[in-house]
Amino acid sequence: MPELPEVETIVRDLGARLTGLMVERAEVLLPKVVAAPAPEEFARLIAGRKILGLSRRGKYILIELSRGWVLILHLRMTGQLVYTTVLEPFPKHTHLVLHLDQGVLRFTDLRQFGRASLVPAREVRRVPGLRELGVEPLGAEFVKEDFIRKLARSRRMIKPLLLDQTFLTGLGNIYTDEALHRAGIHPERRAADLDTREAGTLYRAIREVLAEGVAFRGTSVQHYVDGSGQRGRFQEILRVYGKKGVPCPVCGVPIERIRCGGRGTHYCPECQPFER
DNA sequence: AGCAACGCCTGATAGC
DNA sequence: TGCTATCAGGCGTTGC
């Protein structure tokens with residue numbers, strides 16, 4: 001599933017390839033994936049606009065268009081955003097196609113959870129979902145001391161807190177499990193119960209695991225592909241996610257899988273003890 | 001207000 | 001073999 005490293009990879013890929021191209025025509029194959037405006041209005045508004053650049057906020061992809069509009073995309077679980085200049089039939093589950101003056105950008109999503117919307121540039125920061133997003137964990141605004149203070153104030157379990165996009169934005173199930181393992185913290189521990197040293201270790205683990213995820217061009221467990229349709233490589237170095245029963249690479253004890261905050265959660269009972 | 005549970009959706013897999 | 005039930009999970013919504 002696309003989390004921060006996957007979305008960052010897509011944005012970098014497509015930013016380099018799409019900037020300067022023009023949207024000639026939008027083809028909406030599954031109307032409900034266009035959240036706003038109405039699909040006909042969407043197609044009418046986007047036609048004839050140039051792509052000025054791409055950026056990312058949390059797991060949202062922002063495509064800045066000429067004359068003051070922005071295309072916002074969220075891939076959710078199984079969405080793919082792929083640019084191709086090769087003439088080929090669209091893959092199954094392709095729901096939205098932007099025909100550019102050179103090549104096509106297609107949005108494909110098996111589960112149909114992903115959404116696209118077109119909004120005026122000045123309203124982007126007010127869009128529900130984007131508006132509430134918390135700190136970017138790879139940005140300068142993610143400050144260790146602030147993070148430690150915020151953890152100390154929360155009675156929630158650490159894993160659901162890390163997944164809360166209004167707290168930190170960009171972590172999903174994979175990188176959260178990996179960060180907690182690297183920090184040696186049990187996912188069900190209360191945030192406020194972590195001591196300063198543990199919180200500091202977790203801060204570094206989050207930055208480290210996300211930066212490595214970007215360096216490896218994302219994790220392709222199932223559906224994720226980059227902006228050119230290629231798989232990432234981070235799945236080759238996962239330590240706990242999807243590794244139930246596999247020996248922990250640090251201590252050799254089998255990885256366990258539990259449910260935490262309603263999510264499948266992987267951890268090492270030896271490296272991440274609940275009791276300290 | 002803060003937090004938990006649910007619904008959305010299809011394909012893979014487990015169980016009978 | 002073939003059917004049904006369950007699971008995967010990001011996020012908006014609903015409800016406690």
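Numbers restart at 1 for each chain; the letters A, B, ... are given by sequence-line order, proteins then strands. As the structure is a computational prediction, the values presented were derived from the model and not from experiment.
Across all strands, Met1(A) comes closer than 4.0 Å only to sugar-phosphate atoms, never to a base (heavy-atom distances). Note on Arg115(A): nothing from the nucleic acid sits closer than 4.0 angstrom, heavy atoms only.
A heavy atom closer than 4.0 Å to some atom of DNA chain C occurs in Gln165(A), Asn173(A), these being the qualifying members of residues 157-176 of chain A.
With a 6.0 Å radius and a threshold of 12 heavy atoms from other residues, nucleotides or ligands, Arg131(A) has its CZ atom above the threshold.
Phosphate proximity of dT10(B) to Gln112(A): present, with a side-chain N or O under 4.0 Å from OP1 or OP2. Between His223(A) and dT10(B) there is no side-chain polar atom (N or O) within less than 4.0 angstrom of OP1 or OP2.
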Would you tabulate the pairs of protein nitrogen or oxygen atoms and nucleotide nitrogen or oxygen atoms of nucleotides 12-16 of chain C closer than 3.5 angstrom?
| unit_1 | atom_1 | unit_2 | atom_2 | d |
| --- | --- | --- | --- | --- |
| dG12(C) | OP1 | Tyr60(A) | OH | 2.6 |

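Of the possible donor and acceptor atoms, none in the side chain of Thr219(A) sits under 3.5 Å from a partner among the backbone N and O of Val221(A). Asp226(A) places no side-chain N or O within donor-acceptor distance of the main-chain N or O of Ile10(A), the cut-off being under 3.5 Å.
For Tyr224(A), there are no ring-ring contact (aromatic ring centres under 6.0 Å, His included) partners, not counting sequence neighbours. His186(A) pairs by the ring-ring contact (aromatic ring centres under 6.0 Å, His included) definition with Tyr267(A), Phe274(A), not counting sequence neighbours. Listed by chain and residue number, Glu41(A) satisfy the salt bridge (charged side-chain N to carboxylate O under 4.0 Å, His left out) test with Arg44(A) (two or more places apart in sequence, or in another chain).
Taking CD1 from Ile63(A) and CG from Leu73(A), the interatomic distance works out to 5.0 Å, rounded to the nearest 0.5 Å.
Residue Lys59(A) has its side chain nearest to dG10(C) when only dT10(B), dG10(C), dC3(B) are considered.
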query: How does DNA chain C read in dot-bracket, base by base from 5' to 3', with Watson-Crick or G-U pairs under 3.5 Å and | used when the partner is on another strand?
result: .|||||||||||||||
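Outside the 6.0 Å centre-distance limit, the rings of Tyr175(A) and Tyr241(A) are not counted as a close aromatic pair.
The aromatic rings of Tyr203(A) and Phe142(A) sit tilted, their planes meeting at an angle between 30° and 60°.
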